[in-house]
Visitor: 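Just passing along the structure, written as structure tokens.
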Amino acid sequence: MKTLGLRDIIGPIMVGPSSSHTAGALAIARMARRLCGTRPKHVTFTLHGSFAHTGTGHGTDKALVAGMLGLSADDLGIRDSFERAQEAGLGVRFVRATDDGGVGGRAKGADDVEHPNTVDIEILEEGGDTLDVRGVSIGGGAAVIRRIDGIDVDITGEHTSVVVRQHDERGVLAHIATCLADCGVNIATTRMFRTRKGSAAYTVMETDDAVPEAARAAIERHPAVRDVRVIPAERAGDADGEQETTGPKATPSMAEDAEARFARCDFVSGAELLARCAEGSCAISQAFREREEALCALDGHAANVDAYLERVLQVMRASATESIARPVHSTGGLIGGEARALAESLQVAGTGTGTSAGAGAGTSAGAGTTPLLDPLSATVSAYALAVLETNASMGRIVAAPTAGSAGVVPAVLLGLGRHRGLTDEKLHAGLLAAAAVGYLIARNASVSGAEGGCQAEIGSAAAMAAAAAVEIAGGTPAQALAAASSALMSLMGLVCDPVGGLVEVPCQKRNATAATTALVCAQIALSGTENLVGFDETVAAMDAVGRALPFELRESALGGIAAAPAACAWCAKCAG
């Protein structure tokens with residue numbers, strides 16, 4: 001299991017609309033591209049499961065092409081990836097496993113697909129070689145390569161990976177290890193994958209250090225080695241995928257110190273988190289900060305926590321305000337302008353959302369009506385709508401923990417910041433508290449709509465925002481987890497049913513209602529009201545409910561609101 005950190009939960013910073021289907025798909029293609037020996041000439045993408053059902057609506061096709069071109073997750077050029085591919089001379093073809101007109105009536109490899117977010121990539125390189133790769137998007141923008149040329153592998157991108165294609169014979173593994181050691185590269189893990197003894201095989205080594213060209217060239221000198229590919233580590237949330245390192249090269253004693261430090265700071269449950277807070281007499285934000293710094297030290301790079309959080313806030317502010325000032329229409333055409341309409345109606349009513357109503361504001365549908373929301377709730381609701389508007393138009397957002405739920409945490413934090421006069425430092429603490437809760441949910445259940453329904457996305461985001469609000473208000477760690485539990489319970493069982501496979505309806509309004517739910521749950525917890533069922537048991541219950549949901553209610557666009565007559569009529573109209 002990958003060790004999750006801050007950037008896995010509050011991140012990636014990405015172009016919308018879906019962390020699993022856009023950022024995750026791009027990550028798969030980027031890794032596949034780095035496995036190529038020469039530049040790709042033509043690529044066939046075969047989409048399975050949720051990828052096949054909602055790929056176009058979620059920008060999966062554009063993201064896969066962008067990844068093959070080497071674009072990063074937050075590059076707005078993803079919107080124009082097809083045009084860029086044409087300019088670069090890259091041919092692309094898409095096959096959906098559900099299509100009758102697929103490969104021979106059924107897409108190749110469809111029988112052994114286990115994950116709903118799976119893509120098979122067949123690459124023809126300019127040098128004439130071919131490469132077959134299977135990748136899986138596992139949620140939150142993270143991805144894993146599961147198969148290369150028919151051989152099962154496991155490449156996460158968490159560490160730098162050295163992928164050696166070879167003939168299976170004695171002495172090759174020792175040769176690879178020696179070449180890396182001679183270049184000062186420390187090996188973290190080693191695995192060999194093959195179909196049978198003496199056949200073609202892959203050795204995959206994850207390293208703690210960057211791998212120089214000299215090491216790659218040395219490995220290739222062995223007669224049994226066909227080729228070597230190096231896939232640099234990509235940290236979630238880092239647009240360029242580069243790791244910033246500081247200080248001297250790690251020694252064995254330093255590594256032992258880092259392991260011991262992380263062991264002291266780590267926690268895997270709500271109960272352990274509360275114990276850490278009690279032991280250190282600290283808030284949840286500080287406990288998670290210490291864990292993040294220890295994790296980064298363990299991985300051999302600088303934490304840069306505040307610099308990253310400042311970048312997160314910058315992107316969150318833009319995504320929550322720009323579409324209110326300048327409404328944008330979504331890619332799918334289902335939403336656009338809702339955030340401004342709400343903001344203007346409440347601005348006219350005197351509640352204020354910090355927006356300029358502009359020309360024609362007096363004709364807002366809400367003008368002259370009695371406001372139902374207080375200023376804080378009004379701002380939070382408008383911000384949440386706005387973030388999803390930005391997301392659905394393939395703008396830049398921060399997945400928190402996913403793109404489909406990206407409006408909840410920023411809406412609550414930025415709303416509190418505006419109406420309570422909070423500093424960025426205070427908002428940083430809120431983000432860290434939110435990340436701690438999101439990490440525990442992701443580790444012990446899921447934050448993927450394709451795996452656990454919308455409760456895993458919106459529910460998790462509401463829990464994160466509720467805990468953050470409690471911390472910002474000066475509540476205790478126990479109260480923060482109580483608020484998170486209440487939010488999860490309030491949204492448990494929520495299905496993921498995007499109309500037309502688009503992260504637009506009912507996603508946008510769910511973000512707004514979840515954000516206000518988070519505030520209510522936070523206030524209840526601050527009153528001292530306790531829950532019968534604790535945080536850890538609530539997460540376990542949510543996980544069980546998610547597993548029990550049928551495929552049609554887990555981001556397939558085949559059930560729930562997506563199957564309502566009006567939704568189906570809209571889809572049919574678009575298809576026609």
Side-chain angles (χ1 to χ4, degrees), residues 14-23 25 47 50-66 76-83 94 96 318-345 358 360 364-365 381-397 399 402-407 449 454 457-458 495-513 555-576:
M14 56 168 283
V15 169
S18 170
S19 46
S20 294
H21 289 188
T22 314
L47 307 177
S50 290
F51 270 0
H53 286 286
T54 66
T56 301
H58 285 169
T60 302
D61 48 0
K62 293 181 179 180
L64 286 168
V65 174
L76 294 174
I78 295 170
R79 300 166 170 173
D80 309 313
S81 62
F82 280 91
E83 292 81 357
F94 283 87
R96 286 171 172 76
S319 66
T321 58
E322 288 179 359
S323 60
I324 296 178
R326 293 175 296 278
V328 289
H329 290 287
S330 64
T331 302
L334 280 172
I335 64 175
E338 292 80 10
R340 179 159 185 175
L342 178 62
E344 287 185 344
S345 70
S364 169
S381 299
Y383 282 171
L385 292 176
V387 174
L388 262 287
E389 201 169 304
T390 301
N391 182 59
S393 62
M394 296 194 79
R396 189 179 290 116
I397 55 96
T402 66
S405 59
C454 198
E457 296 198 32
I458 287 290
V495 302
C496 188
D497 49 354
V499 173
L502 304 169
V503 188
E504 301 181 20
V505 175
C507 318
Q508 185 191 36
K509 294 184 178 69
R510 282 183 183 165
N511 272 259
T513 55
E555 206 174 356
S556 66
L558 298 175
I561 290 296
C568 292
W570 181 85
C571 292
K573 179 180 179 181
C574 290

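On a predicted model such as this, the values are computed, not experimentally measured, just so you know.
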Visitor: What pairs with Ala403 under side-chain contact (heavy atoms from CB on, under 4.5 Å), at least two apart in sequence or on another chain?
Guide: Met14, Ser19, Asn391, Ile397

Visitor: Is there a side-chain contact between Trp570 and Leu334 in this structure, where contact means two heavy atoms from C-beta onward sitting under 4.5 Å apart?
Guide: yes

Visitor: Between Gly501 and Ala557, what is the shortest heavy-atom contact and its length?
Guide: N-CB, 3.5 Å

Visitor: Measuring only between side-chain heavy atoms, which start at C-beta, is Phe94 closer than 4.5 Å to Val65?
Guide: yes

Visitor: Output all residues satisfying side-chain hydrogen bond (donor to acceptor under 3.5 Å, both in side chains) with Ser330, sequence neighbours left out; order by chain, then residue number.
Guide: Glu504

Visitor: Between Ser323 and Ala386, which heavy-atom pair has the shortest distance, and what is it?
Guide: OG-O, 3.0 Å

Visitor: According to ring pair (Phe, Tyr, Trp, His ring centres under 6.0 Å), who are the partners of His21, at least two apart in sequence or on a separate chain?
Guide: Phe51, His58

Visitor: Less than 4.5 Å apart, any side-chain heavy atom of Thr331 and any of Pro17?
Guide: no

Visitor: Would you please name every residue forming a side-chain hydrogen bond (donor to acceptor under 3.5 Å, both in side chains) with Ser405, sequence neighbours left out?
Guide: Thr402

Visitor: Give me the atom names and distance for the closest heavy-atom approach of Ala562 to Ala567.
Guide: O-CB, 3.6 Å

Visitor: Is it the case that the side chain of Arg340 and the backbone of Ala325 share a donor-acceptor pair, with hydrogens and angles ignored and the cut-off at 3.5 Å?
Guide: yes

Visitor: Kindly compute the distance separating OG1 (Thr321) from CZ (Arg326), expressed to the nearest 0.5 Å.
Guide: 8.0 Å

Visitor: Looking at Ile335, is its backbone amide N or carbonyl O close enough to the side chain of Glu389 to form a donor-acceptor pair, meaning the two atoms are under 3.5 Å apart?
Guide: no

Visitor: List the atom of Val328, the atom of Ser393, and the distance in Å for their closest heavy-atom pair.
Guide: CG2-OG, 3.6 Å

Visitor: Please examine the side chains of Thr22 and Val503, heavy atoms only from C-beta on, and report whether any two atoms are closer than 4.5 Å.
Guide: no

Visitor: What's the separation between atom CZ in Arg510 and atom CG in Asp497, rounded to the nearest 0.5 Å?
Guide: 4.5 Å

Visitor: Could you check if a side-chain atom of Val387 sits within less than 4.5 angstrom of a side-chain atom of Asn511, using non-hydrogen atoms only?
Guide: no

Visitor: Any sub-3.5 Å donor-acceptor pair from Gln508's side-chain atoms to Leu388's backbone N or O?
Guide: no

Visitor: Run Lys62 and Met394 through side-chain contact (heavy atoms from CB on, under 4.5 Å) and show every step you take.
Guide: CA-CA 11 Å; Lys62 293 181 179 180; Met394 296 194 79; 4.1 Å; yes

Visitor: Apply side-chain contact (heavy atoms from CB on, under 4.5 Å) to Ala66 and list each qualifying residue two or more places apart in sequence or on a separate chain.
Guide: Leu26, Leu71, Ile78, Ser81

Visitor: Which residues pass the side-chain contact (heavy atoms from CB on, under 4.5 Å) test with Cys496, sequence neighbours left out?
Guide: Cys454, Pro498, Glu555

